[in-house]
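Order of the sequence lines fixes the chain letters, A, B, ..., with proteins taken first and strands second; residue numbering starts at 1 for each chain.
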2 protein chains.
Amino acid sequence: MKSNQTENNLPEPTKAELEILQVLWEFGPSTVRFVNDKLNEQREVNYTSTLKQMQILTEKGILKRDESQMKHIYIPVEAEEKTKDQLLDRFVNTLYKGSASKLMMQLLGNEKTSKSDIKEIKRLLDSMD
Amino acid sequence: MKSNQTENNLPEPTKAELEILQVLWEFGPSTVRFVNDKLNEQREVNYTSTLKQMQILTEKGILKRDESQMKHIYIPVEAEEKTKDQLLDRFVNTLYKGSASKLMMQLLGNEKTSKSDIKEIKRLLDSMD
DNA sequence: CTAAAGGTACGATAGTTTTCGTACGAAACA
DNA sequence: TGTTTCGTACGAAAACTATCGTACCTTTAG
C-alpha cells in the first residue's frame, strides 16, 4: 500500500478531486448538487460520480461536511492557498529540482505571460524588500 | 476512450514517464539499461518495467528510438523546454486560471523561494525590456 | 559449438482512479 | 396517502497506470 502523503499529512488530491476543490474554493461550502452542476458546465458528469468523489475526498480528510441537514454541505479542510502551496511545491521539485527561479524564468520566457503580468510581478518584487 | 492530449497533440506524460524523461533530458539519448540504472539510484525498479515504460512512451510518440543497433537508443521527440512549457501551462491553467502573475505571487509568498532566487528573478526582469 | 549474459517483446497482474448503477430513505406534493 | 423527486450509501465495473515474469533472440566468452 502506498501512502502518497504531503508534508501536511494529507494525501494529495487527484485530478478529478482537484476539479471539485476548485468549485468549493470559488463558491465556498456547497452541496453535491451545486458542485455537480458547476462541473457539468464544463463536461458531462453523473451526479453520483461527483457524490462519490466528494465522499472519497471526505474519507481522505481533504473535505469535511456538515451533515446536520439532509443536503450535506462540503467544506475544504485546508485553505486554498495552503493546498496550492503544496501542489506548487511538488511541481517545482519535480520539474525544476526545487528551483523557484528556474520556474519563473520558464514562465517569463513563455509567451503566455502577458506584459501586464510582468509589470505586476515587478511591482510585487519591488514592494518586497 | 479519453485522449488527454496537449495542445501539441502529444499525450501528457504520467508520473513514471516523467521520471524517465528527466533522465533523458539530463543525460541525452540513452539506452534502457542506462535509464534503468539511473532510476535505480533513487528507487528499485525492474529492468523490464523501465523497458516497458519506454516502449509505451514510444508508442505515445513522446519518445522515438534508434533501432539500428541492438541496444535501442531512446530520444525525446520534443525538447525539454517545450514539454515543460506544456506542463507548466497546464499547471497554471488548472490552478491559477491561467494567470502567471498569480502563480508568481504564490511562489514569492512561499518561504521556499530563497533570497537569491528573488535577486535572480529581479535581474531577469530588468533585462527583459 | 555451446553456455552465459544481455537485449527486446509482450501478455498478465496489480494498483489506483474514475464512473456509474442500484438500493433505499426523506421530503414534497397532488 | 401514494407517488414522484431528491438526497445519501456503496459495490463494482471501467479506465488508466505501473510492475513484472516469461519467451525468445543476439552477442560474446570459453
Side-chain angles (χ1 to χ4, degrees), chain A residues 1-6 10-24 29-40 42-75 87 90 94, chain B residues 1-6 10-24 29-40 42-75 87 90 94:
Chain A
M1 176 144 300
K2 219 184 53 175
S3 70
N4 191 23
Q5 309 250 316
T6 66
L10 279 182
E12 92 182 34
T14 66
K15 220 166 149 181
E17 290 172 351
L18 209 44
E19 280 187 331
I20 290 170
L21 275 176
Q22 317 242 30
V23 174
L24 293 176
S30 310
T31 63
V32 175
R33 174 65 59 196
F34 181 84
V35 171
N36 186 245
D37 285 349
K38 284 298 167 191
L39 294 184
N40 273 279
Q42 300 183 317
R43 67 187 182 92
E44 194 184 313
V45 210
N46 192 300
Y47 174 86
T48 58
S49 301
T50 304
L51 170 63
K52 181 69 166 187
Q53 285 295 344
M54 292 176 76
Q55 287 170 341
I56 290 171
L57 243 358
T58 305
E59 276 172 29
K60 287 192 184 176
I62 293 175
L63 298 185
K64 62 189 171 191
R65 68 182 171 191
D66 174 356
E67 306 181 3
S68 64
Q69 315 295 330
M70 183 168 87
K71 300 184 185 184
H72 296 174
I73 304 289
Y74 288 79
I75 306 158
L87 293 172
R90 239 192 109 69
T94 301
Chain B
M1 175 144 300
K2 220 183 52 175
S3 69
N4 191 22
Q5 310 250 313
T6 66
L10 279 182
E12 92 182 34
T14 67
K15 220 166 149 181
E17 289 172 353
L18 210 44
E19 280 186 331
I20 290 169
L21 275 177
Q22 316 240 28
V23 174
L24 294 176
S30 311
T31 63
V32 175
R33 172 65 59 198
F34 180 85
V35 171
N36 186 245
D37 287 349
K38 285 296 168 191
L39 294 185
N40 273 279
Q42 299 183 316
R43 67 188 182 92
E44 194 183 314
V45 209
N46 192 300
Y47 174 85
T48 58
S49 301
T50 304
L51 170 63
K52 182 68 165 186
Q53 285 294 344
M54 292 176 75
Q55 286 171 341
I56 291 170
L57 243 357
T58 304
E59 275 173 29
K60 287 192 183 178
I62 293 175
L63 298 183
K64 62 190 173 192
R65 67 181 171 193
D66 174 356
E67 307 180 2
S68 64
Q69 315 295 330
M70 183 169 86
K71 300 183 185 184
H72 296 175
I73 305 288
Y74 288 78
I75 306 157
L87 292 171
R90 240 192 107 70
T94 301

Selection from C:dT19, D:dT8, D:dT19 that lies nearest to any side-chain heavy atom of A:Tyr47: D:dT8

Separation of C:dC10 P from B:Gln53 CD (nearest whole Å): 16 Å

Check against side-chain contact (heavy atoms from CB on, under 4.5 Å), A:Gln53 and A:Leu39: CA-CA 12 Å; A:Gln53 285 295 344; A:Leu39 294 184; over 6 Å; no

B:Glu59 CD - D:dC16 P separation (whole Å): 14 Å

Nearest-Å distance for atom pair CD/C1', residues A:Glu67 and C:dA26: 15 Å

B:Asn46 side chain, from C-beta outward: closest of D:dT8, C:dT8, D:dG21: D:dG21

Close side-chain approach of B:Lys52 and B:Thr48, heavy atoms under 4.5 Å: no

B:Val23 and its side-chain contact (heavy atoms from CB on, under 4.5 Å) partner, picked from B:Val35, B:Asn36, B:Thr50, B:Asp37: B:Val35

Pairwise distance CD1(A:Ile20) to CG(A:Leu51) - rounded to 0.5 angstrom: 9.5 Å

Whichever of A:Ser49 and B:Lys71 has its nearest DNA chain C nucleotide further upstream toward 5': B:Lys71

Contact under 4.0 Å: B:Gln55 side-chain N or O vs C:dT8 OP1/OP2: no

Given C:dT18, D:dT17, D:dC20, the nucleotide with the shortest approach to the side chain of B:Lys60: D:dT17

Interatomic distance, B:Met54 CE vs C:dT8 C1' [rounded to whole Å]: 12 Å

OP1 or OP2 of C:dA9 under 4.0 Å from side-chain N/O of B:Arg65: yes

Terminal axes of the helix from C:dC1-D:dG30 to C:dA30-D:dT1 (five pairs each): angle between them, nearest 10 degrees: 20°

Side-chain heavy atoms of A:Leu63 within contact of A:Ile75, under 4.5 Å: no

Annotated protein contacts, base or backbone, on nucleotides 22-30 of chain D with a non-hydrogen cut-off under 4.0 Å, one of B, S, - each: B---S----

Atom-pair distance (CD on A:Gln69; P on D:dC6), nearest Å: 18 Å

Distance, rounded to the nearest Å, where A:Leu18 contributes CG and C:dT17 contributes P: 13 Å

Positions of residues 30-38 of chain A (non-hydrogen atom under 4.0 Å from DNA chain C), listed by number: none

For B:Glu19, the option from B:Gln42, B:Arg43, B:Lys38 that meets side-chain hydrogen bond (donor to acceptor under 3.5 Å, both in side chains): B:Arg43

A:Asp66 CG to A:Thr31 OG1 distance, which is reported to the nearest 0.5 Å: 12.0 Å

side-chain contact (heavy atoms from CB on, under 4.5 Å) between B:Met54 and B:Arg65, intermediate numbers included: CA-CA 10 Å; B:Met54 292 176 75; B:Arg65 67 181 171 193; over 6 Å; no

A:Leu18 side chain reached by A:Leu87 side chain, heavy atoms, under 4.5 Å: yes

Between C:dA9 (C1') and B:Leu57 (CG): distance, integer Å: 17 Å

Over 12 non-hydrogen atoms of neighbours within 6.0 angstrom of CD in A:Glu67: yes

Closest to the B:Lys52 side chain, choosing from C:dC10, C:dT18, C:dA9: C:dC10

From D:dG7, C:dG11, C:dT17, nucleotide with atom closest to A:Thr14 side chain: C:dT17

Pairwise distance OH(B:Tyr74) to CG(B:Leu24) - rounded to 0.5 angstrom: 10.5 Å

Spacing of B:Ile56 atom CD1 relative to D:dT17 atom P, expressed in whole Å: 9 Å

Close side-chain approach of B:Glu12 to B:Arg90, heavy-atom, < 4.5 Å: yes

